[in-house]
Amino acid sequence: MSFYGRLQFLLLLAASLFLASQPAWATKRVALVVGNSSYQNAPLLPNPANDAASIAMTLKGAGFDVVDSRLNLAATDMRRALRDFADQARDADIALVYYAGHGIEIDGTNYLIPTDAKLERDTDIYDEAFSLDRVLLAIEPARQLRVVIVDACRNNPFADTMKRTVASRSISRGLARVEPTVSNTLIAFAAKAGLTALDGNSKNSPYATALVKYIAKPGLDLRRAFGFVRDDVLQATGNRQEPYVYGSLGGEDVALVPAPKAEESTQAANPQPEIRRDYELALQLRNKAALNAFLTQHPDGYYASLAKLQLNQLDAEDARIAATEKARQAEQQQARLVAQGAQRADQEKAAADLKAAEEARIVAEKTKQTAQEQAAEAERKRAASETAIVAALSGNKPAVENNVADSPEAAAPVQDDKGAKLAALSAGPQQTDIARTDIAKSVQSELSRVGCFTGAVDGQWNAASQRSLALFNRHAGTKFDAKLASLDALDAIKLKPSRVCPLICDHGYRADGDQCSKITCAEGSFVNDDNQCEKRREKKPVAKRNTDERPSRADRSARERAGPTADVPRRQATARSQTGGGSGQIVCDQYLCRQVNRGCHLEYRGGGGPGGNTGNVEVCH
């Protein structure tokens with residue numbers, strides 16, 4: 001090979017080594033952030049400018065190469081911003097656009113509204129606004145990932161004044177569902193298609209607050225980040241607003257911010273597998289006795305540091321439980337004094353005690369959260385380090401095994417009195433039951449924290465516990481086996497920072513934060529089946545006969561039937577008094593009875609008598 005050939009080969013080799021030494025995640029990331037608050041022809045939106053500023057600061061802190069932040073863009077400025085950002089996206093690996101402001105959906109197409117738009121008629125949308133497709137076109141050149149976040153699912157402010165040129169043209173509230181045509185593209189809406197988002201009562205909207213919390217977490221897959229955002233927004237809005245994401249990614253994790261490179265350390269993994277096994281056993285038992293026994297046996301080293309972090313976490317949890325109980329007792333004491341009408345000084349002292357207990361509880365919560373994060377981070381680093389070492393040694397596995405066999409003192413710790421204490425933790429039948437109970441108790445405690453379990457935290461994995469884990473699966477989108485309490489389920493529940501399962505109250509009570517409050521209706525109202533106050537209807541008077549004054553039909557009929565016979569003596573007496581004498585015989589018709597005239601007599605001609613047929617007839621000669 002000639003001198004120039006060798007030189008060319010060496011240059012190519014050096015270049016390949018240089019490229020190989022660069023981090024795999026050294027990608028160019030660019031972002032455009034727009035917040036439109038001051039609309040000239042629509043009401044002021046206070047939050048978009050604040051939301052855009054928070055998102056821009058988050059992306060800059062995450063190391064984005066370009067973060068172009070614009071506020072209150074008119075149509076001309078918005079057109080220029082999109083054109084400039086398209087130039088930035090051409091040589092970028094990841095391109096992200098965040099827009100907060102007004103948006104409109106017309107005929108299934110979504111439009112972003114500049115601050116100077118008038119929209120006097122529906123066709124003005126094509127001249128005065130920008131379709132979402134125009135934004136997607138600007139980021140399309142990005143090589144790896146394209147993300148558009150639209151926090152514009154508010155009510156249409158022009159709906160009442162906008163004239164429709166075609167009666168059949170649809171103008172819906174919220175935004176319409178979209179399906180990206182370019183692969184590795186995600187479009188995130190603050191609310192589900194066809195629904196509106198809430199601005200909230202704070203400086204930032206609930207959606208922007210959750211985005212700032214999760215979107216730039218190092219190593220967090222983007223799909224999981226949007227999942228956490230959804231959970232937080234549902235929690236903050238009482239399940240009234242559900243963010244939605246359209247599009248799909250591949251099977252690998254995709255994070256906006258890469259995970260930090262694993263720190264290489266001489267203590268990355270202990271060469272003695274027995275120490276690691278003892279530590280993992282103590283970690284699985286997850287109680288202070290097991291961890292203290294491990295530290296007694298192995299007081300120094302890498303795994304001892306890990307065990308101390310786990311102990312700190314358990315201590316912080318115990319302190320949190322004690323502070324929570326103290327705050328609860330202080331609250332009950334204050335309520336009791338108020339109910340008893342105690343002196344003002346006593347009530348003020350109880351209120352001060354409650355405030356102090358509540359502050360202590362908050363501090364204990366934060367301490368517990370910090371300890372939990374430190375322990376979890378240490379475990380992640382341990383797993384990564386051990387995986388790397390196994391991969392590096394996999395090619396020399398027989399030699400490693402031979403070295404271990406030749407050096408038993410390096411493979412197994414010395415069995416002394418201290419070792420006997422840890423040996424007592426070996427996995428036997430009784431020890432297995434204890435481990436399962438501890439795991440079940442931990443899962444129950446975490447399920448209770450996220451609002452999915454209301455029973456006693458006793459380690460008994462009964463039907464109530466299984467229903468609670470199934471409820472968590474339904475609301476968190478997981479698929480853990482509810483028949484047993486596993487460490488995987490425990491880790492997944494711990495990742496949830498707040499309530500997952502909605503609070504369910506009995507009839508007559510409504511959810512008030514994390515408690516059920518009794519529904520009190522105004523006078524004259526009652527709680528109906530829908531748990532709403534409904535005005536009680538007054539009973540209308542119903543007309544009915546007065547049976548004391550008017551006889552019934554049966555009484556009247558009986559009296560009418562008995563009438564003629566009851567009147568016969570009176571009528572006979574009247575007839576006698578009128579005639580003044582007779583033969584002594586009596587003849588009656590349907591009206592009255594009288595004496596037969598002198599010289600006459602009665603003959604029976606057939607029939608039923610008075611009121612009927614002929615009967616007796618008076619015959620005179």
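Here the structure is a predicted model, which means the values were calculated and not measured.
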Test side-chain hydrogen bond (donor to acceptor under 3.5 Å, both in side chains) on Ser205 and Asn47; report intermediate values, then the result.
CA-CA 6 Å; Ser205 68; Asn47 280 347; 5.4 Å; no
Any salt bridge between [X] and [Y], counting N to O under 4.0 Å?
X      : Y      : value
Glu365 : Lys368 : no
Arg328 : Glu331 : no
Lys496 : Asp231 : yes
Lys203 : Asp51  : no
Asp253 : Arg224 : no
Arg143 : Asp93  : yes
Lys483 : Asp481 : no
Glu358 : Lys355 : no

Closest approach of [X] and [Y], non-hydrogen atoms and distance?
X      : Y      : answer
Pro206 : Ala236 : CB-CB, 4.3 Å
Asn184 : Leu249 : CA-CD2, 3.7 Å
Val147 : Ile149 : CG1-CG1, 4.0 Å
Thr58  : Ala216 : CG2-CB, 3.7 Å
Ser486 : Val443 : O-CG2, 3.9 Å
Arg449 : Ile493 : NH2-O, 3.1 Å

Supply the atom-to-atom distance [X] [atom1] to [Y] [atom2], rounded to the nearest 0.5 angstrom.
X      : Y      : atom1 : atom2 : result
Ser248 : Arg223 : OG    : CZ    : 8.5 Å
Leu291 : Leu311 : CG    : CG    : 4.5 Å
Arg230 : Gln241 : CZ    : CD    : 12.0 Å
Gln310 : Leu314 : CD    : CG    : 7.0 Å
Leu306 : His298 : CG    : NE2   : 13.0 Å

Might you work through the side-chain contact (heavy atoms from CB on, under 4.5 Å) test for Val150 and Tyr98, ending with a clear yes or no?
CA-CA 6 Å; Val150 184; Tyr98 172 84; over 6 Å; no
More than 12 heavy atoms from other groups under 6.0 Å of [atom1] on [X]:
X      : atom1 : result
Gln343 : CD    : no
Tyr246 : OH    : yes
Lys213 : NZ    : yes

Step by step, work out the side-chain contact (heavy atoms from CB on, under 4.5 Å) result for Gln466 and Trp461.
CA-CA 7 Å; Gln466 295 176 16; Trp461 198 250; 3.5 Å; yes
For a side-chain contact (heavy atoms from CB on, under 4.5 Å) check, start with the C-alpha distance between Leu447 and Phe472, then their side-chain angles and the critical distance, and finish with the verdict.
CA-CA 8 Å; Leu447 285 173; Phe472 175 83; 3.8 Å; yes
Phe189/Tyr244 aromatic ring centres below 6.0 Å:
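Ring-ring flag for Phe189/Tyr244: false, centres at least 6.0 Å apart.
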Please evaluate residues Arg336 and Gln332 with respect to the criterion side-chain hydrogen bond (donor to acceptor under 3.5 Å, both in side chains), reporting the C-alpha separation (whole Å), side-chain torsions for both, the decisive distance (0.1 Å), and the verdict.
CA-CA 6 Å; Arg336 184 179 63 81; Gln332 291 180 349; over 6 Å; no
Worked check of salt bridge (Lys or Arg N to Asp or Glu O under 4.0 Å) between Lys441 and Asp458:
CA-CA 6 Å; Lys441 186 180 295 185; Asp458 53 7; over 6 Å; no
Determine yes or no for a side-chain-to-main-chain donor-acceptor pair under 3.5 angstrom, with Arg320 supplying the side chain and Gln369 the backbone.
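Pair absent, no side-chain N/O of Arg320 close to backbone of Gln369.
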Please tell me whether Ser498 and Gln235 have a donor and an acceptor in their side chains that are separated by less than 3.5 angstrom.
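The answer is no; no qualifying pair exists.
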Among side-chain atoms of Tyr207 and Asp232, is any donor-acceptor pair under 3.5 angstrom?
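Per modelled atom types, Tyr207 and Asp232 side chains form no pair under 3.5 Å.
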Audit row: Asp315, Glu317, side-chain contact (heavy atoms from CB on, under 4.5 Å) steps and yes/no:
CA-CA 5 Å; Asp315 291 336; Glu317 175 63 15; over 6 Å; no
